[in-house]
Each structure stands twice: as structure tokens, then as C-alpha cells.
Amino acid sequence: MKKVAIIGTGPTGIYTLLSLVNDHPPCSVTIFEQAAEAGVGMPYRREASSPIMLANIASIEIPPVMTTYIAWLQAQCPEMLAGFGVTAGSLHERQFLPRILLGEYFRQQFLQLLHKGESQGFILHVHTSCQVTDILAAGGGVTVTAQGRPQAELFDFVVIATGHVWPAENTRPHTFFPSPWSGLMKASVPACRVGILGTSLSAIDAAMAVVTQHGHFCENTARGSQFILRDSSRSLQIVLMSRAGMLPEADFYCPIPYQPLQRVTPEAITALIADGSAGLLDRAFGLMVQEITLADPLWSRQTGLARLNADNFCDAWFAARQQQDPFIHARKNLQDTRLNTLTKYTVPWRYVILRLHEVIAGIVPHLDPRDSTRFASGLARVFIDNYAAIPPQSLRRLLALHDAGILTLLPLGQDYRARKDGNRTVIFAGGARHTYDIFIDARGQKPLKTRDLPFPGLRRQMLCHGGEIPQVAANFTLLEPAVARGRIAFGAIPYLMHDRPFIQGLTVSAEIGETIAHALGHSVPSQSAAEQQTDLQQGYL
């Protein structure tokens with residue numbers, strides 16, 4: 001019986017275990033979770049969120065564990081749902097609900113999955129409040145060292161599913177937060193001038209964490225949402241800021257599962273890659289033009305798509321928003337989204353871009369350095385803007401804060417600067433100086449490199465053999481060092497973002513988990529004598 005370790009019980013760890021239980025012969029699985037409760041995942045924990053913070057994925061899109069999210073919700077008592085601000089009678093599969101409610105779902109599904117696995121002959125051990133401090137690959141397997149465990153344990157296969165990584169919480173009085181998850185949720189923020197770097201859902205969460213300390217929202221009023229600020233908090237001012245100074249758009253109605261593309265197919269992308277890296281980005285954009293024109297010829301003509309290229313398509317995409325006040329555009333966007341949802345109308349050009357990003361992502365590892373830079377500053381921004389659409393209710397709340405005179409938006413431009421001035425943060429942008437009493441960096445997860453790994457033994461091995469970025473195969477198993485091949489699966493998303501720019505979300509976690517479980521089904525390769533000698537010389541054996 002193989003011995004497997006899964007490090008982390010967020011969605012990637014859960015979906016890995018699910019695929020093992022469903023598709024793999026019984027094995028011994030030891031699960032390590034550094035939090036006190038397993039099966040929740042950092043974004044969905046109560047200490048990292050609140051009922052006002054919505055998940056930007058609905059039940060119809062969430063890969064089921066033991067049951068679908070909507071079926072689980074419908075089985076809960078009305079009083080339990082009411083505790084999360086959810087009305088039982090209003091549930092539907094396209095609804096955006098509080099993140100902590102999704103955490104409750106994952107927790108209960110995880111417990112049921114453990115029961116199923118044990119009934120099928122799996123030997124399952126779950127260690128909570130147990131942080132893994134080191135991992136080391138060797139010829140006989142992989143050793144895992146964890147806090148509170150009497151000694152390092154040897155495994156045949158180790159899955160690293162540690163999830164998002166945020167800067168550690170500062171214990172000193174807070175005036176600067178390097179992320180919304182670095183103590184903000186527990187901090188007492190006074191009514192002052194607050195700057196938030198970013199305008200995505202993470203930035204909105206940061207704004208919600210602050211404003212709910214100073215007032216409350218009235219939902220479903222004749223005006224949509226309204227924010228009531230306490231008299232004692234009249235000095236509260238929140239400024240969201242980004243280079244372009246635009247707000248995200250509301251999530252839009254579309255068929256799920258996605259309809260297949262006609263031109264930009266996986267086979268077509270494979271053929272483009274086979275023709276070489278020279279001109280790959282431009283050839284891929286040519287295929288995109290064909291696909292968009294086929295899906296929405298009117299929008300293509302109005303946009304002048306035939307005259308655009310991979311560099312200026314981004315400018316055309318954002319042109320309409322940049323020509324309007326962002327809050328006026330947001331209000332119009334909400335009206336259009338609501339009407340389209342009621343009539344079940346899909347905006348063709350939005351839908352085709354949504355489906356394109358996953359297929360086009362296949363060219364990214366094959367782009368030459370110049371085209372990689374062009375892609376990051378052009379098409380990637382379009383794709384991210386499109387798939388990072390936010391729950392309509394989140395956008396309504398932003399508008400309510402703006403209407404209450406609390407929230408404004410600052411376009412930073414390309415050459416802004418930031419510096420500390422005592423306990424305050426100063427931003428220089430557009431020839432002006434902006435000072436904030438509290439500052440929150442809410443730009444989201446940044447790609448991590450091998451040197452950021454919290455496991456010193458494995459970090460040393462990877463730096464010696466694999467370089468600055470983890471070398472990972474298509475099945476997410478480590479390629480370097482050679483001693484780790486077939487033994488360590490690397491499902492920690494922050495380390496995979498370098499050549500997989502769109503690798504995030506629950507559907508991706510499910511795909512990674514399934515792929516890793518399939519990789520375990522292959523025999524662990526034996527280590528050559530030369531590789532063993534190298535490991536002996538490096539001190540790994």
C-alpha cells in the first residue's frame with residue numbers, strides 16, 4: 001500500500017483526495033493542515049472573511065465534491081442560512097454567496113470524503129494545527145517533517161497543496177497592510193483616510209472590512225444598495241487606486257458549461273506552437289480575430305478588430321470605460337447585466353473572450369522573451385479583466401459607498417511612486433501628492449519563486465538542480481531535482497503562475513487535483529546510481 005502525504009486541505013488538497021478516493025486503489029494518506037480546522041481553505045475561513053464578502057463563483061461553476069454546492073445549500077436549515085444573510089427560498093445555482101458559507105460546504109464535504117475513503121479501504125490520518133517545516137526527496141522516498149510530530153516520516157508520494165501565501169501579520173499597530181489577509185480582518189481601523197491599492201475583488205474585500213466597522217448596508221432598497229455611515233465616522237474616506245483607474249465589471253450571464261470554440265481549438269494552438277516561437281503571439285492573435293469575428297461580427301466591425309493587433313487590442317477593449325466616469329459606467333454595466341440575466345441573453349464578444357483565455361494560455365510557456373512581455377502588457381490584461389468580473393452585488397455596494405461620499409477612485413498612471421512618511425503612506429501620481437493614514441496593498445497573489453518555499457531541504461534541492469522557478473511537468477510533478485521525479489506533486493498555485501498566468505479558481509484546483517491523482521497511478525521511478533551518487537555528494541541521502 002502506497003504512502004501518500006497531502007500538505008494543505010484547501011480546495012486543491014480536497015480535490016486531490018477526492019480523485020484518489022474515486023479513481024485510485026486504496027492507499028495510506030496522511031493529511032497535514034496548519035490551521036486548527038481541516039477542509040476549509042484560507043479564503044473561506046471565518047478569521048479571513050465575513051458574511052459581506054462574496055465568493056465570485058456560483059454553484060453552477062463549482063466542481064462538486066460529494067454533492068453539488070446548490071444541493072448542499074438546499075439541504076441546510078433556513079436558520080443556518082439566515083446566519084449568513086441568505087434566504088433559503090431565494091437559492092439558485094447562479095447565486096453569489098458569502099465566502100465563509102462556501103467554507104462550510106468544503107468542510108462538511110471533506111468530512112464526508114474521509115468517511116467514504118475509509119469505507120473503501122483507505123487509511124487516512126488528518127493532522128491539524130500541524131505545520132510542515134521541511135520536505136526532502138531521496139532515493140527511498142520523500143521525508144516530511146512537521147511540528148508536533150515525533151520524527152520525520154517517509155512517504156512514497158507527496159502533494160504540496162499549500163494554496164495562497166500572504167505576508168505574515170505584523171503585531172505592531174497597523175497603518176500598512178501588505179495584503180488584506182495580513183491582519184486587516186482583525187484590526188480596528190479608525191475613521192480616517194484609507195488608501196487601497198487595487199480595484200479587484202480583493203480590494204473590494206478590503207474596503208468591506210473597513211466600512212463595516214463604521215456603518216452598515218441596507219440591501220434591496222428602491223435605490224439598490226445604500227450605506228448608512230455612523231455619525232461618529234464622518235471622517236472616513238476610502239480611495240481605491242490602480243494604474244488605469246477603472247472598476248471591474250459585473251459578472252455576466254453565459255451558458256455553462258462553456259460552448260466549444262470554432263477556430264481557437266486546442267489542436268489549432270498545438271499546431272501554432274509546433275511552427276515555432278517566432279511570431280507565435282501574432283499568429284495566435286490572428287486566430288483570435290477569426291473566432292471573435294465569427295461570434296460577434298457587429299462588435300468586431302464597431303471595434304475595428306480587423307485593423308488591431310496583439311498590442312493595441314487592449315486599448316480598444318478598455319476604450320469605452322476610459323471615456324466615462326467609472327461610477328457612471330459601473331451603473332450602466334449593472335443595468336445591462338441585470339437585463340441580460342433576466343432575459344438569459346449572452347453578450348457574444350464577452351463570452352468568446354471568456355472562453356479564449358484558457359486555450360490561448362497554452363502558448364505562454366512557448367513565447368520568446370519579447371512576446372512574453374507583449375502578452376503580459378496586452379492580451380493578458382484583457383483576459384484577466386474579463387474573467388475577473390465580480391458579483392453584481394459587490395459592484396452595487398461599491399456604488400453605495402460612492403453615493404454615501406465615502407469611496408473615490410484614483411488613476412495612478414504608469415509612473416506613480418509610493419513611500420512611507422512616518423506612520424503614513426504617501427503616493428505621488430499625476431503630479432499630485434496623496435497621503436493616507438492607513439494603506440492596504442490589495443493587488444492579490446503575486447507569483448512566487450523557489451527561494452520563497454518554506455521547506456529548506458526541498459528549497460535547497462530545487463535551487464541546486466531546478467533554478468529560480470519550480471520545474472513542473474504537465475502532470476504537476478516536479479522535474480528537478482531528478483530524485484523528486486514521480487515522488488513530489490507541486491500543486492501550490494502561487495509557484496505555478498509564471499508560465500500559467502490564469503491558473504486560479506476552484507475549477508483549476510479540481511483539474512490540478514485530478515491530474516495529480518492520476519500521476520500517482522504511475523509507478524514511482526527508481527533512482528539511477530549516478531543520481532544516488534549526486535545526492536550523496538549534495539548531502540541529501
Side-chain angles (χ1 to χ4, degrees), residues 11-12 14-16 18-19 22-23 41 54-74 91-97 99 102 105-106 109 113 201 248-270 284 287-288 290-292 294-296 299 337-338 340-364 382-392 474-476 491 493 500-518:
T12 301
I14 291 173
Y15 286 119
T16 300
L18 173 68
S19 293
N22 286 342
D23 304 321
L54 302 179
N56 63 341
I57 187 170
S59 176
I60 192 173
E61 299 176 86
I62 297 173
V65 184
M66 301 299 291
T67 186
T68 63
Y69 188 32
I70 187 66
W72 178 83
L73 288 165
Q74 291 168 341
L91 291 171
H92 59 86
E93 64 179 1
R94 289 180 180 264
Q95 190 173 6
F96 295 100
L97 296 168
R99 278 211 303 269
L102 186 52
Y105 164 76
F106 277 123
Q109 296 288 288
L113 180 57
L201 195 59
E249 296 197 310
D251 191 88
F252 55 92
Y253 179 87
C254 67
I256 299 173
Y258 295 160
Q259 296 173 350
L261 296 167
Q262 304 300 309
R263 297 287 188 271
V264 187
T265 61
E267 296 76 16
I269 293 298
T270 300
L287 267 185
M288 280 183 54
Q290 294 179 34
E291 190 75 58
I292 297 169
L294 184 65
D296 199 331
W299 185 83
T337 299
R338 182 174 182 275
N340 292 340
T341 300
L342 289 173
T343 59
K344 296 185 178 181
Y345 172 74
T346 301
V347 179
W349 55 274
R350 291 190 189 279
Y351 188 40
V352 72
I353 293 293
L354 180 63
R355 290 174 291 159
L356 278 170
H357 85 268
E358 293 181 349
V359 187
I360 292 294
I363 72 170
V364 175
V382 172
F383 290 138
I384 292 170
D385 175 73
N386 185 256
Y387 75 65
I390 64 175
N475 64 3
F476 298 101
I493 286 177
R500 297 173 174 90
F502 313 125
I503 187 166
Q504 57 180 305
L506 295 179
T507 55
V508 168
S509 291
E511 291 166 3
I512 292 175
E514 182 178 6
T515 303
I516 288 175
H518 179 72

Shortest non-hydrogen contact from [X] toward [Y]:
X: L113; Y: I14; result: CD2-O, 3.8 Å
X: S19; Y: A517; result: CB-CB, 3.4 Å
X: A284; Y: I363; result: CB-CD1, 3.8 Å
X: I493; Y: S509; result: CD1-OG, 4.2 Å
X: Y351; Y: P255; result: OH-O, 3.0 Å
X: P63; Y: Y105; result: O-OH, 4.4 Å

How about [atom1] on [X], more than 12 heavy atoms from neighbouring residues, nucleotides or ligands closer than 6.0 Å, or not?
X: R500; atom1: CZ; value: yes
X: H518; atom1: NE2; value: no
X: E514; atom1: CD; value: no

Between [X] and [Y], is any pair of side-chain heavy atoms under 4.5 Å apart?
X: I390; Y: N56; answer: no
X: R94; Y: I256; answer: yes
X: I269; Y: I360; answer: yes
X: L506; Y: E61; answer: no
X: V352; Y: L294; answer: no

>> What I want to check is whether the side chains of Y387 and Q504 have a donor and an acceptor closer together than 3.5 Å.
In response: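 On atom types as modelled, these side chains qualify, holding a pair under 3.5 Å.
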>> Quick check on side-chain contact (heavy atoms from CB on, under 4.5 Å): which of V65, T507, T515, I516 does Y15 satisfy it with?
In response: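 In the set V65, T507, T515, I516, the residue that makes a side-chain contact (heavy atoms from CB on, under 4.5 Å) with Y15 is V65.
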Interatomic spacing from [atom1] in [X] to [atom2] in [Y] - rounded to 0.5 Å:
X: T12; Y: E511; atom1: OG1; atom2: CD; value: 11.0 Å
X: D23; Y: L18; atom1: CG; atom2: CG; value: 8.0 Å
X: L54; Y: Q95; atom1: CG; atom2: CD; value: 9.5 Å
X: N386; Y: I353; atom1: CG; atom2: CD1; value: 6.5 Å
X: F252; Y: N340; atom1: CZ; atom2: CG; value: 10.0 Å
X: I62; Y: W72; atom1: CD1; atom2: CH2; value: 10.5 Å

>> So that I can tick it off, tell me whether R350 and E249 are bridged by a salt bridge, with the cut-off set at under 4.0 angstrom between side-chain N and carboxylate O.
In response: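 Counted as a salt bridge, because a side-chain N and a carboxylate O are separated by less than 4.0 Å.
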>> Which residues pass the side-chain contact (heavy atoms from CB on, under 4.5 Å) test with T68, not counting sequence neighbours?
In response: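 side-chain contact (heavy atoms from CB on, under 4.5 Å) check on T68 returns P64, I70, A71.
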>> Going by the rule side-chain contact (heavy atoms from CB on, under 4.5 Å), which residues pair with D296 if we only count those two or more places apart in sequence or in a different chain?
In response: L298, W299, P348, W349
Got a donor-acceptor contact below 3.5 angstrom from the [X] side chain to the [Y] backbone?
X: Q109; Y: M66; result: yes
X: Y258; Y: L354; result: no
X: E291; Y: Q262; result: yes

>> For F502 and E358: C-alpha separation, side-chain torsions, deciding distance, then whether side-chain contact (heavy atoms from CB on, under 4.5 Å) applies.
In response: CA-CA 7 Å; F502 313 125; E358 293 181 349; over 6 Å; no
